[in-house]
2 protein chains.
Amino acid sequence: MSGQPKGWEAIRAEVLRRIRARDWAPGEAIPNEADLAAEFGCARATVNRALRDLAAAGVLERRRKAGTRVALHPVRKATLDIPVTRAEVEARGQSYSFRLLQSEMALPPVPVALKLGLAPGSRLLHLRTLHLADGKPFLHEDRWLNPAALPQPLPDFAAISANEWLVTHVAYTSGDIAFSAENASDAEAAILGLPKGTALFVTERSTWSEAQPITAVRLAHAPGYRLHTLV
Amino acid sequence: MSGQPKGWEAIRAEVLRRIRARDWAPGEAIPNEADLAAEFGCARATVNRALRDLAAAGVLERRRKAGTRVALHPVRKATLDIPVTRAEVEARGQSYSFRLLQSEMALPPVPVALKLGLAPGSRLLHLRTLHLADGKPFLHEDRWLNPAALPQPLPDFAAISANEWLVTHVAYTSGDIAFSAENASDAEAAILGLPKGTALFVTERSTWSEAQPITAVRLAHAPGYRLHTLV
DNA sequence: GCGGTTATTATGTGCAGACATATTAGCCGC
DNA sequence: GCGGCTAATATGTCTGCACATAATAACCGC
């Protein structure tokens, strides 16, 4: 009817405005696509694009035939970027380097083997790497790699960090990430040059390619590390 | 030419397969939309939908005229759900409760005032809340609220947690979240019933409605807390 | 009333064509 | 060779139409 918004982003903005203004209250159904298209004077596909985007953001809930309604619990979703360590350090304007502390075939600890779903007794490549920013310890990486799932030949991990090599040479299909806080053990404190017990920000990740486990890694960040995101 | 995939998801899957199979290597440009549409025997809009989705996932990078290329640094994006504390506790199958420890108008510390962009001397409502899971300390919430930006009247925050009331009564337009690890201070350790120095997982959030600051909050999680997500 | 089948409805997706817009590549004059 | 203008090009978006699909609502026989 009245429509002056142009483009699907304008429509998204207007719908969002109405939700925020409580014109359309949480849990309440909003007009269907055809009606909105008529009101805004655009094609239904354009309205669809806008509403689909809001649904992806968790603001709306849509079901066929049932229609579109304002989400009751705005499950607020944040998206995190998971960069390569080198890029992360360089983005802070610091110089990046790393030292390979250990590289050997070994039997992984039970939790790692379980998590990756490996047969007992499978041996993996165990890498421990210290990443440095401006020469100071930044991150301790403790990684288990499944050679059977990797393209051969493997590189010299003292020359290229496993982190970086994997990103450019192995495509994973799925994985999971967990963040937590831990007190530094004696050993880890020594490696990072910190007092024992210092609170470390820990990232644990495991990745698969199809059904094959590729790697499980634990990253212990030096104090001051913050994972930041906008919503 | 050959195309049998049907639907934009099939096209996305096929493109992804080629990327993973290294048919199209990282950094390399892939055929343009028109060519792919011809190959798959579908409309360009359908290819566009698939490629747009992969670009949103960080797998592809697209620029007008420059074309589409496989992302060099698969800046993997993970989406986090940020639930209300009550829902989070109940999702673990535990019973939720909370205790309001403090509620008073006060002058916020400088970092908080700066972060919210407040004029010096502005007074805010300071709330401290202990959230419990099965009666045990789960989360210590230290919140500064800007009453000027809130709908009146304010509720009794001893009866409904600020967390929950805000979600259902105040729509924010933007905000930011940061995660870090900190050693528990004496005071915080006492509140959470932990030894001093315990590593705490800390979430800091601030939110705005338009240009108005609404709230800044610091959440200190008891040990064992993990933020988890799939990619 | 009750259970199960059928019709209706809102969203999901597809197509072909058109125009908009950002960027690059090439051209031109100096 | 170099700076700046211009044209070419790939993506971004919109339209109007069509059909598919999922889920509800209506109906009907019992």
Side-chain angles (χ1 to χ4, degrees), chain A residues 1-16 18-19 23-72 75, chain B residues 1-16 18-19 23-72 74-75 77:
Chain A
M1 286 264 111
S2 61
Q4 58 203 8
K6 294 226 177 81
W8 69 272
E9 290 188 285
I11 293 180
R12 179 184 59 182
E14 171 61 13
V15 170
L16 201 51
R18 293 186 190 181
I19 293 170
D23 289 351
W24 296 329
E28 189 179 314
I30 75 173
N32 68 35
E33 295 186 348
D35 290 351
L36 287 174
E39 188 198 341
F40 292 132
C42 67
R44 185 172 75 89
T46 308
V47 173
N48 181 281
R49 182 92 149 83
L51 298 188
R52 196 154 29 82
D53 194 75
L54 287 171
V59 175
L60 293 176
E61 286 172 6
R62 324 194 69 197
R63 277 182 13 250
R64 280 175 162 143
K65 160 74 182 176
T68 302
R69 51 190 59 234
V70 181
L72 211 44
V75 179
Chain B
M1 283 254 117
S2 60
Q4 58 202 11
K6 294 237 172 73
W8 70 272
E9 291 187 288
I11 293 180
R12 180 184 59 182
E14 172 60 13
V15 171
L16 201 50
R18 293 187 189 179
I19 293 170
D23 290 352
W24 295 329
E28 188 179 312
I30 75 173
N32 69 36
E33 294 187 349
D35 290 351
L36 287 175
E39 188 199 340
F40 293 130
C42 68
R44 186 171 75 89
T46 308
V47 173
N48 180 283
R49 182 96 147 80
L51 298 188
R52 194 155 29 82
D53 194 75
L54 286 172
V59 175
L60 293 175
E61 286 172 3
R62 324 192 70 196
R63 273 178 19 247
R64 280 174 165 154
K65 160 74 180 176
T68 302
R69 50 189 60 236
V70 181
L72 208 45
V75 181
K77 290 177 181 163

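Chain identifiers are assigned alphabetically (A, B, ...) following the order of the sequence lines, protein sequences preceding nucleic acid strands; residue numbering begins at 1 within each chain.
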Is the closest side-chain donor-acceptor distance between A:N48 and A:R52 under 3.5 Å?
yes
Starting at atom [atom1] of [X], determine the distance to atom [atom2] of [N], rounded to an integer number of angstrom.
| X | N | atom1 | atom2 | result |
| --- | --- | --- | --- | --- |
| B:I11 | C:dT13 | CD1 | C1' | 12 Å |
| A:D53 | C:dT11 | CG | P | 16 Å |
| B:E33 | C:dA16 | CD | P | 15 Å |
| B:R49 | C:dG12 | CZ | P | 9 Å |
| B:N48 | C:dG17 | CG | C1' | 14 Å |
| B:W8 | C:dT11 | CH2 | C1' | 15 Å |
| A:R62 | C:dA10 | CZ | P | 12 Å |
| A:R44 | C:dC15 | CZ | P | 16 Å |

Could you give the distance from [atom1] ([X]) to [atom2] ([Y]), rounded to the nearest 0.5 Å?
| X | Y | atom1 | atom2 | value |
| --- | --- | --- | --- | --- |
| B:D23 | B:I30 | CG | CD1 | 11.5 Å |
| B:L60 | B:T68 | CG | OG1 | 6.5 Å |
| B:L36 | B:L51 | CG | CG | 6.0 Å |
| B:T46 | B:R12 | OG1 | CZ | 13.5 Å |

What nucleic acid atoms does A:A34 come within less than 4.0 Å of, heavy atoms only: base, sugar-phosphate, or nothing?
nothing
Flag, side chain of B:R69 to backbone of B:E61, donor-acceptor distance under 3.5 Å
no
By nearest-nucleotide position on DNA chain D, the 5'-leaning member of B:P31 and B:A45 is B:P31
Students should find this one: the first and last nucleotides of DNA chain D, 5' to 3', lying under 4.0 Å from a heavy atom of chain B. What are they?
D:dT9 to D:dT13
Side chain of B:R64 only, heavy atoms from C-beta on: which candidate in C:dA22, C:dG14, C:dT11 is closest?
C:dA22
Considering only side-chain heavy atoms of B:A43, which listed nucleotide, C:dT23, C:dA16, C:dT11, is closest?
C:dA16
Nearest non-hydrogen partners of A:P26 and A:A71, listed with the distance
CB-O, 3.8 Å
Would you indicate, yes or no, if C:dT11 has its OP1 or OP2 atom less than 4.0 angstrom from a side-chain nitrogen or oxygen of A:T68?
yes
Can you tell me whether the side chain of A:R63 and the base of C:dG12 have a donor-acceptor pair closer than 3.5 Å?
no
